[in-house]
Amino acid sequence: MSATASGRHPARLARVPLGLDPTPAQALLALREDPRPFALVGRWAGGGCLVGSDPVRLAHGGAAALAALGEAPDATAPAGAEGAVGGGWVGHLGFGLGRELERLPPDPPRPVPGPDAQLAYYDHVLRRDAHGDWWFEALRTDTRAAALDARLDELRRRLAAPLAPGPARLRHVAPAAPGYAGHRAAVAAGVEAIAAGEIFQANLCLRVEARLEGEAIDLFARTVEALAPAYGAFLGDGDRALVSLSPELFLRREGRAVRPAPIKGTAPRDADPAALAASGKDRAEHVMILDLMRNDLGRVCRTGSVRAELVPRVEGHPGVWHLVSDVRGELRAEVTDAGLVRASFPPGSVTGAPKVQALKVIARLEATGREAYTGAIGYFSPLAGLELNVAIRTFEVAGGHVWLGAGGGVVADSDPDAETREAWAKAAPLVAAAGARLAPPDDAPAAGPAARPTRRERPDPALGVLETIGVRDGVPVRLDAHLARLAASVRTLYGTGLPAGLAGRAAAAAAGGGRARLRVRFRPDAGCELELSDAGIPPDAPVALAPLLVPGGLGAHKWLDRRILEGHAAAPLLVDLDGAVLEAAWATVWAVEDGGLSTPPADGRLLPGVTRAAVLATPGLDAQEARLDLDRLRRADAIVLTSAVSLATEATLTGGAGTAAGHAAVARLRERL
């Protein structure tokens with residue numbers, strides 16, 4: 001850790017003109033092989049851009065990021081250096097940081113979990129000022145002086161030979177499940193929540209997924225030049241990256257003056273911007289968020305200093321027009337950057353009003369958890385202050401997997417079809433700039449789901465995960481497969497592994513039993529525990545199923561927190577917003593049709609069952625993956641559930657008697673498994 005980053009010793013600003021003229025993309029590409037390259041391109045830092053790499057310190061996670069923002073490294077600047085940045089913390093505050101600030105219910109499943117926040121401290125940057133001149137700026141200390149001199153020489157050599165971006169484009173672009181139909185259903189449920197008096201507005205997101213051919217840094221270089229976003233940003237971290245093409249300023253603090261510029265209200269770019277300015281719906285939507293931002297600033301600003309523009313302006317951005325207003329305030333003397341973020345995060349324009357209750361509705365209705373999307377990206381400099389965008393229009397990259405959020409504010413008179421088209425209109429220009437096409441939503445509205453979304457809280461990942469293993473004659477069945485699935489969950493969710501010797505402990509725990517259930521529970525704070533029991537073995541009689549609508553399902557992990565599935569008169573049958581059947585409370589669902597078996601695809605919304613995999617792999621069972629909905633289940637010859645403990649059990653949607661087809665399918669599965 002450097003003394004500069006910790007604030008123990010003051011730093012002095014050093015500025016050297018470079019006399020070179022690379023584009024922002026070329027400057028970033030010159031750093032592509034360095035650790036953690038970044039670029040902030042557009043209106044940043046008074047109208048220029050910042051580029052850097054090779055930080056001296058990292059703050060990983062929400063608590064560490066907030067602690068870093070509470071620090072105030074000492075730095076001095078010579079006269080005439082107005083506008084200089086020098087360095088500071090650069091990174092992102094993910095949407096999940098809100099959990100550090102408010103008591104919120106658990107998020108929807110997170111298909112590719114990432115850190116809730118991550119900041120890196122750079123003691124030098126490349127800066128292009130508002131006049132287009134490039135500078136090497138550093139927060140120089142005696143201990144880093146030699147290293148910074150060498151760094152300046154190295155960067156000059158690199159920038160003198162500009163690089164072109166490599167090939168990068170998106171493939172297989174499509175809305176993530178539950179897709180456009182699911183977004184319509186979520187909007188409709190949001191309107192119901194407003195009609196019930198629960199909220200005034202909620203920002204609901206459509207998730208788009210794709211595969212990336214090429215590297216994220218090249219994707220940014222190509223799209224930022226094509227779209228010229230107001231607050232573009234690139235953050236690289238190994239095989240993960242953020243490619244932000246945001247139009248929106250979240251916060252700018254210079255001295256004690258602070259300014260957000262919330263965006264709310266949207267129309268397609270081919271529409272008349274005057275019509276947007278006159279739209280009662282969009283103006284009302286905008287005013288609600290403007291008032292929310294004023295209230296957030298009022299918590300940390302000097303009394304009477306918060307002001308907002310009365311009439312929003314219309315700004316053009318890729319594919320859309322937006323309503324934008326400026327809010328201004330003066331921070332109280334004791335308020336730090338951490339205090340400002342605590343008072344105003346997540347941004348009101350991408351949450352809703354009242355903010356905390358809107359966040360609860362978002363957690364209930366969205367099918368996937370947000371990562372960086374609708375958080376913030378930017379810098380915190382001891383000289384230049386703070387500047388953050390709202391992380392919308394942002395590609396998130398993990399390996400070759402790419403996802404993009406697009407949404408809008410749902411209000412009392414929102415139309416689900418119109419809101420879905422708006423989300424598409426925001427995402428489509430970004431996808432096009434990345435060399436691909438996002439198909440528009442079908443104009444015909446899809447049929448709604450079979451039930452209203454449950455109001456119960458989702459499973460809390462902090463409580464841990466479990467694995468349920470069937471025991472036959474004292475032997476745990478498919479033990480290796482079960483422990484491999486548990487290990488994958490533990491690694492993905494908690495960044496650790498299972499204890500050594502767990503397979504031996506499981507075999508010893510099962511020894512001597514007959515037909516039983518072995519549970520392996522993993523808690524992040526306590527490790528693994530094992531329990532052998534004959535409880536929970538389903539009866540041979542058909543199981544009655546009742547639909548339970550859970551947007552996005554429970555995801556690909558078996559949660560230790562099962563409260564959402566308990567206390568129902570019949571066994572819950574999980575259904576998504578698009579009407580897709582996912583799984584039963586403790587089992588995989590199969591439709592018996594013409595002697596064959598069909599089960600929903602393991603697309604991240606449901607647990608990839610070990611017994612399910614065995615059924616699909618067993619010759620002669622004629623088993624396949626296929627989309628199931630309630631109508632298809634009702635038309636099926638029978639419904640069968642499979643699990644590690646029961647192997648196979650017949651089920652019904654009505655609680656009626658079983659069928660000959662069901663009895664035969666159960667017998668065949670038990671014989672073959």
Side-chain angles (χ1 to χ4, degrees), residues 183-184 186-188 190-206 230-231 246-252 259-298 306-329 344 346-359 361-362 374 389-390 392-393 406-427 429:
H183 191 66
R184 291 188 186 99
V187 171
V191 172
E192 287 188 0
I194 294 167
E198 187 176 356
I199 52 172
F200 301 115
Q201 180 180 162
N203 193 89
L204 296 176
C205 164
L206 171 74
Y231 293 96
S246 174
E248 184 171 0
L249 173 67
F250 173 34
L251 292 171
R252 176 181 294 134
R259 178 172 75 90
I263 285 176
K264 188 55 63 179
T266 303
R269 195 60 183 268
D270 58 4
D272 181 1
L276 175 62
S279 167
K281 171 190 176 294
D282 289 281
R283 290 283 294 268
E285 186 180 333
H286 187 87
V287 167
M288 275 189 275
I289 297 307
L290 200 61
D291 285 345
L292 174 61
M293 297 297 292
R294 291 171 61 188
N295 180 71
D296 286 349
L297 285 190
V306 179
R307 297 284 187 271
E309 291 180 337
L310 296 178
V311 179
R313 62 186 178 275
V314 178
E315 286 188 358
H317 295 280
V320 293
W321 297 102
H322 281 311
L323 294 180
V324 186
S325 289
D326 289 326
V327 184
R328 300 179 187 276
S344 52
S349 63
V350 288
T351 51
K355 183 187 286 188
V356 173
Q357 190 59 35
L359 290 169
V361 171
I362 288 169
T374 62
N389 75 6
V390 179
I392 54 176
R393 321 290 154 83
V410 176
V411 292
D413 56 350
S414 285
D415 173 69
D417 291 331
E419 294 292 343
T420 303
R421 287 194 297 272
E422 178 181 321
W424 170 82
K426 292 173 178 175

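Scope of the values below: all heavy atoms of this structure, side chains included, with no hydrogens, waters or symmetry mates.
Shown here are the salt bridge (Lys or Arg N to Asp or Glu O under 4.0 Å) partners of E248, two or more places apart in sequence or in another chain: there are none. By the salt bridge (Lys or Arg N to Asp or Glu O under 4.0 Å) test, D296 pairs with K355, sequence neighbours left out. For A308, the side-chain contact (heavy atoms from CB on, under 4.5 Å) test picks out L290, R294, V327, with sequence neighbours left out. In this view, D272 satisfies the side-chain hydrogen bond (donor to acceptor under 3.5 Å, both in side chains) rule with no residue, not counting sequence neighbours. Partners of E198 under the side-chain hydrogen bond (donor to acceptor under 3.5 Å, both in side chains) rule, at least two apart in sequence or in another chain, are Q357, R364, R455. The side-chain contact (heavy atoms from CB on, under 4.5 Å) search around I194 returns I199, V410, A412, not counting sequence neighbours. Annotation: side-chain contact (heavy atoms from CB on, under 4.5 Å) contacts of P429 (sequence neighbours excluded): P318. Applying the side-chain hydrogen bond (donor to acceptor under 3.5 Å, both in side chains) rule to R313 yields the partners E309, E315, D326; only residues at least two apart in sequence or on another chain are considered. Residues meeting the side-chain contact (heavy atoms from CB on, under 4.5 Å) test with V287, sequence neighbours left out: D291. S246 meets the side-chain hydrogen bond (donor to acceptor under 3.5 Å, both in side chains) test with no other residue; sequence neighbours excluded. For H286, the ring-ring contact (aromatic ring centres under 6.0 Å, His included) criterion is met by no residue, not counting sequence neighbours.
The shortest heavy-atom contact between A425 and V320 is O-CG1, 4.0 Å. M293 and P260 get closest at one heavy-atom pair: CE-CB, 3.6 Å. Across every non-hydrogen atom of I289 and P262, the tightest pair is CG2-CB, 4.3 Å. The two atoms that bring L251 and S344 nearest to each other are CD1-OG, 3.4 Å, heavy atoms only. Smallest separation of non-hydrogen atoms from A423 and A406: O-CB, 3.4 Å.
Residues L204 and E419 have side chains not in contact (no heavy-atom distance under 4.5 Å, counting atoms from C-beta outward). A 4.5 Å side-chain heavy-atom check between L323 and I263 finds every atom pair outside the cut-off. Considering only heavy atoms from C-beta on, S414 comes within 4.5 Å of K281 through its side chain. L249 places none of its side-chain heavy atoms less than 4.5 Å from the side chain of N389. Two residues are said to be in side-chain contact when any heavy atoms from C-beta on lie closer than 4.5 Å; L359 and P346 meet this criterion.
Distance alone, capped at 3.5 Å, places no donor-acceptor pair between the K426 side chain and the R393 backbone. A distance-only check finds a donor-acceptor pair linking the side chain of T420 to the backbone of P416 [under 3.5 Å]. Between the side chain of K264 and the backbone N or O of S349, at least one donor-acceptor pair lies under 3.5 Å. Between the side chain of W321 and the backbone N or O of R269, at least one donor-acceptor pair lies under 3.5 Å. Looking only at distances, a side-chain donor or acceptor of D282 sits under 3.5 Å from a matching main-chain atom of T266.
For the atom pair H317 NE2 and H322 NE2, the distance stands at 6.0 Å (nearest 0.5 Å). The CZ atom of R184 sits 5.0 Å away from the CG atom of D417 when rounded to the nearest 0.5 Å.
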May I have the step-by-step check of side-chain contact (heavy atoms from CB on, under 4.5 Å) for T374 and C205, ending in yes or no?
CA-CA 10 Å; T374 62; C205 164; over 6 Å; no
